[in-house]
Amino acid sequence: MSTTFTRYTVTAALPYANGPKHIGHLAGAYIPSDVYVRYLRLTGKDVIFVCGSDEHGTAIPNQALKENTTSKAIIDKYDALIRDCFNKLGMSFDIYHRTSEPIHHQTSQEFFLALYNKGLLTEEVSEQYFDTEANVFLADRYIVGTCPRCGNTNAYGDQCENCGSTLSPRELINPRSTLSGKTPVLRETKHWYLPLERYEPWLRDWILKSHQQDWKPNVYGQCKSWIEAGLQPRAMTRDLDWGIKVPLPDAEGKVLYVWFDAPVGYISATRALFEEVTSGNLKFATPRSDLSKAKKEDWKKYWQAEDTRLIHFIGKDNIVFHCIIFPVMLHTSGEFIVPDNVPANEFMNLEGDKMSTSRGWSIEMHEYLDDFPDKPDVLRYALLTNLPEAKDSEFTWKDFQAKNNNELVAILGNFVNRAVVLTQKYFDNKVPSQKVLTEVDKKALEELELYPSKIASSIEAFRFREATANLMDLARVGNKYLAETEPWKLAKTDMDRVGTILNIALQIAASLAIVTEPFLPFTSRKLKNMLGVSDLAWSDAGNGALLKAGAALNEAPLLFEKIEDERIEIQIKKLIDKKRAVEVAQQPAEPAKAEISFDDFSKMDIRIGKILKAERVEKSKKLLKLQVDTGIDVRTVMSGIAEHFAPEVVIGKQVTILVNLAPRKIMGVESQGMILMAADKDGSLKMLSPSGEVVPGSQVS
RNA sequence: GGCGCGGUAGCUCAGGUGGUUAGAGCGUUGGAUUCAUAACCCAAAGGUCGGGGGUUCAACUCCCCCCCGCGCUACCA
């Protein structure tokens, strides 16, 4: 912590290449990281910025099945899409790599072997579902069955998408393989585990003690929660045919766990960067600083030298991997540094609801770029002013429009335009010279001088919203200066004075060209072209004499244009339409279960019962303890409906009950039967009641 | 239920280690102005800082309880 850092390694979460990425991802990790890195570069820091596509894991083959294609086709498609979007949005990676590249496979295997050879991994044999027909172990995702929680017959082995429960394959009722449709069998399999619990003392010391002050509360709190909950060994391998082979002799059919290989991808990308730069064959690398003297092995400095500051930009869903698992891997390997900070952001909601690609409630990067191809900076700005830095935030199209019209156009664009237009009008588009300075002038120049360091300290503290607000405030200083000095009035009487004022206004614009660079790189470029200045350093910003008197200005197009209401309404409508389309597309989701005989059916004794009593269960959020008159008897049934029905509401209701289901203890109480419920699309439950009152015990057939 | 993060003006959000009249932007209202994409600039109104206790000379800021939102986690036959 007290180390003096001489170089930076900045990573942005590797986007998972199973689909497009939306603007919430941009707000979470990408835009903040890009601002940070661009700023570091302007201050002359030694920094590399790495990212890339995360292309392994079970969801990739899963997506391939959905799209009826191959895993390779999926990653190629989405890598290209995401890569292109990042490029158009100005993400300034030194390399955007791919985890499917050979160098990454090599790096990951080396990393795994290093841990293995040191005896840092434990072997464990456990029972996993195996598909005897396809002859493979089934990843959680490939097993479907009836959800034990909500009864959805197509719940996945890791999660029920209907009710959102986290599941394990063993919990599924009537599990079946999605590969063959057969019932899988349990078979023993061996895996290698990282015993996280061994590192609890180290984690406590490193995070809870050393980083209490400098890590964000949300990040620190998450880590604390995980550490105090008790860490457990985590499997670092999977039975799967898509991924990086486990580099051991007895590991046929096993690959590295995607969360083992993905963060190692940062290291691979760094290696690839230096390899490509030194070989002169740039495939993925787009170095932003001069690496002409770099050596192939220089990647090690960025991952192993104690004076390198490693920073991971991620969204809050990745905290455990970047703050616990990956650091443990780095630490225990004995060769690598651990992150100095992980400034994770929270989530950005959209128009009042959670952003979700699968539910169709999202603005995907490519969708935005298709509709606003000339406005990457507007999106960057709208996101920057509303980053979920301390809590979930919200993006609305109306706010987007307001940020563009009221701030980018009215404050920043307008100021630059005023200064330039006045210069054209009175000085033939050449920078006039400064004469005698008045108090107003001096005050403006003093303020100008203060802003760059103000913005810088906000950036350094990962407070990008604040930094962005300060940036706009500098443009306000310019507008206010013009309003106070009114050069258009003096033009009739005192041209020296007008020249001085416009000189100062243009100097402010020149500084804006510098300080906007991290935030609005495209605008910065335009502004520099307009003012005829070259690439300047951050330290030049605030200088009141950047532009030389007599220098000619170039053509001055408007930096931003207003966005009209109609265009915003189209977007809102598009969003709603997309959600509807996705809902409709998902409608025929439930194929019929396998055929059964009448005898099978008659085994079930389903009746109408009446709820006599209902009470909440202590320490349970979901359970109600019900007394049900089944006609045969009055019995106790535990039912997971507390989140949908208040106890007083269900009393007296007639419900459908399966009465001959084997009793089972739940929360210490024996449940004798099961209340049948209809689970709606949104996961809400409805009771199945007869259309008219019947005698309790009436049989359903 | 447990753990974590939040609950501050109409809206989106800031408010290290407690201290005079609680801030910003947008929105609203009024004024001034016309160089500028009817933009800019000035000013005002607007908040019991989720609720209730407590510690303190003093709490948005510390402690306890409760309520609400979000995340992780357990119970869902």
Side-chain angles (χ1 to χ4, degrees), chain A residues 146-151 160 163 165-166 171 173 213 216-229 316-317 319-320 346-347 349 354 385-396 398-399 402-403 405-411 413-426 461 463 465-466 468-470 472-473 475-476 478-491 498 501-502 505 558-562 616-624 637-643 658 661-669 671-677 685:
Chain A
T146 302
C147 175
R149 316 277 153 86
C150 70
C160 172
C163 67
S165 310
T166 307
E171 295 176 85
I173 302 160
Q213 297 305 319
K216 293 170 59 169
N218 57 329
V219 177
Y220 183 87
Q222 275 279 341
C223 293
K224 194 175 172 195
S225 182
W226 276 91
I227 293 169
E228 311 231 305
K316 69 173 168 185
D317 50 330
I319 289 174
V320 64
E346 301 282 302
F347 288 155
N349 294 319
K354 267 181 230 175
T385 52
N386 206 13
L387 291 176
E389 289 177 337
K391 57 182 172 189
D392 290 356
S393 68
E394 173 147 332
F395 179 96
T396 65
K398 204 168 152 277
D399 183 63
K403 290 281 158 59
N405 292 356
N406 303 334
E407 298 182 28
L408 290 175
V409 173
I411 313 276
N414 187 32
F415 165 65
V416 170
N417 188 238
R418 293 171 86 184
V420 170
V421 166
L422 288 167
T423 304
Q424 285 169 357
K425 192 177 264 185
Y426 300 127
R463 291 200 293 262
R465 296 164 59 118
E466 188 177 85
T468 309
N470 285 331
M472 195 51 68
D473 282 343
R476 287 193 168 92
N479 275 319
K480 185 168 180 172
Y481 176 68
L482 287 181
E484 281 173 353
T485 52
E486 300 183 310
W488 50 91
K489 281 188 179 167
L490 299 170
V498 174
I501 293 165
L502 291 182
L558 295 173
L559 290 177
F560 303 99
E561 60 178 17
K562 284 195 108 179
R616 290 192 188 282
V617 178
E618 282 277 315
K619 296 187 179 181
S620 171
K621 204 154 64 181
K622 300 186 183 174
L623 284 174
L624 286 187
V637 178
M638 302 291 275
S639 186
I641 58 172
E643 288 180 312
L658 180 61
L661 185 65
R664 166 135 177 189
K665 268 202 172 179
I666 298 167
M667 296 289 282
V669 178
S671 180
Q672 303 157 310
M674 175 175 171
I675 308 291
L676 304 185
M677 291 278 164
L685 300 178

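Every chain is numbered from 1 and lettered A, B, ... according to where its sequence line falls, protein lines coming before strand lines.
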Which one is paired to [N], where only Watson-Crick or G-U wobble pairs with both distances under 3.5 angstrom count?
{"N": "B/A22", "result": "none"}
{"N": "B/A36", "result": "none"}
{"N": "B/C41", "result": "B/G31"}
{"N": "B/U48", "result": "none"}
{"N": "B/G69", "result": "B/C5"}

Quickly work out the [X] [atom1] to [N] [atom2] distance and round it to whole Å.
{"X": "A/D473", "N": "B/C40", "atom1": "CG", "atom2": "C1'", "answer": "15 Å"}
{"X": "A/F560", "N": "B/A36", "atom1": "CZ", "atom2": "P", "answer": "20 Å"}
{"X": "A/N417", "N": "B/A36", "atom1": "CG", "atom2": "P", "answer": "8 Å"}
{"X": "A/M638", "N": "B/C76", "atom1": "CE", "atom2": "P", "answer": "9 Å"}
{"X": "A/Y220", "N": "B/G6", "atom1": "OH", "atom2": "P", "answer": "13 Å"}
{"X": "A/L422", "N": "B/C40", "atom1": "CG", "atom2": "P", "answer": "16 Å"}
{"X": "A/K216", "N": "B/G15", "atom1": "NZ", "atom2": "P", "answer": "11 Å"}
{"X": "A/N218", "N": "B/A14", "atom1": "CG", "atom2": "P", "answer": "11 Å"}

With sugar-phosphate meaning primed atoms plus P, OP1 and OP2, does [X] contact a base, only sugar-phosphate, or nothing at under 4.0 Å between heavy atoms?
{"X": "A/S393", "value": "sugar-phosphate"}
{"X": "A/P217", "value": "sugar-phosphate"}
{"X": "A/A410", "value": "sugar-phosphate"}
{"X": "A/K562", "value": "base"}
{"X": "A/D399", "value": "nothing"}
{"X": "A/T385", "value": "nothing"}
{"X": "A/Q222", "value": "sugar-phosphate"}
{"X": "A/E346", "value": "nothing"}
{"X": "A/K398", "value": "nothing"}
{"X": "A/L387", "value": "nothing"}

Sticking with atom [atom1], work out how far [N] lies from [M], rounded to a whole angstrom.
{"N": "B/U21", "M": "B/G46", "atom1": "C1'", "answer": "16 Å"}
{"N": "B/G4", "M": "B/C60", "atom1": "P", "answer": "24 Å"}
{"N": "B/C11", "M": "B/A58", "atom1": "C1'", "answer": "33 Å"}

OP1 or OP2 of [N] sitting under 4.0 Å from any side-chain N/O of [X]?
{"X": "A/N406", "N": "B/G27", "value": "yes"}
{"X": "A/R463", "N": "B/A24", "value": "no"}
{"X": "A/K391", "N": "B/A14", "value": "yes"}
{"X": "A/K354", "N": "B/G71", "value": "yes"}

So, are A/D392 and A/K354 salt-bridged, with charged N and O less than 4.0 Å apart?
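Looking at A/D392 and A/K354, the cut-off is not met.
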Residue pair [X] / [Y], side-chain heavy-atom distance below 4.5 Å:
{"X": "A/N470", "Y": "A/E466", "answer": "yes"}
{"X": "A/L623", "Y": "A/S639", "answer": "no"}
{"X": "A/F395", "Y": "A/N386", "answer": "no"}
{"X": "A/L482", "Y": "A/P487", "answer": "yes"}

Report the nucleotide, chosen from B/C70, B/C41, B/G4, that has the shortest atom-to-atom distance to any side-chain atom of A/R476.
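Looking only at heavy atoms from C-beta outward on A/R476, the closest nucleotide is B/C41.
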Among B/C13, B/C41, B/A36, which nucleotide has an atom closest to any side-chain atom of A/N414?
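From the listed options, B/A36 comes nearest.
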Hey, which sits more toward the 5' end of RNA chain B by its nearest nucleotide, A/W226 or A/A390?
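Here A/A390 is the residue nearer the 5' end.
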Any chance you could measure A/L490, atom CG, to A/T485, atom OG1, to the nearest 0.5 Å?
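Those atoms lie 7.5 Å apart.
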Expected output: side-chain A/S225 to main-chain A/G221 donor-acceptor under 3.5 Å:
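No, the answer is negative, given that no donor and acceptor are paired below the 3.5 Å cut-off.
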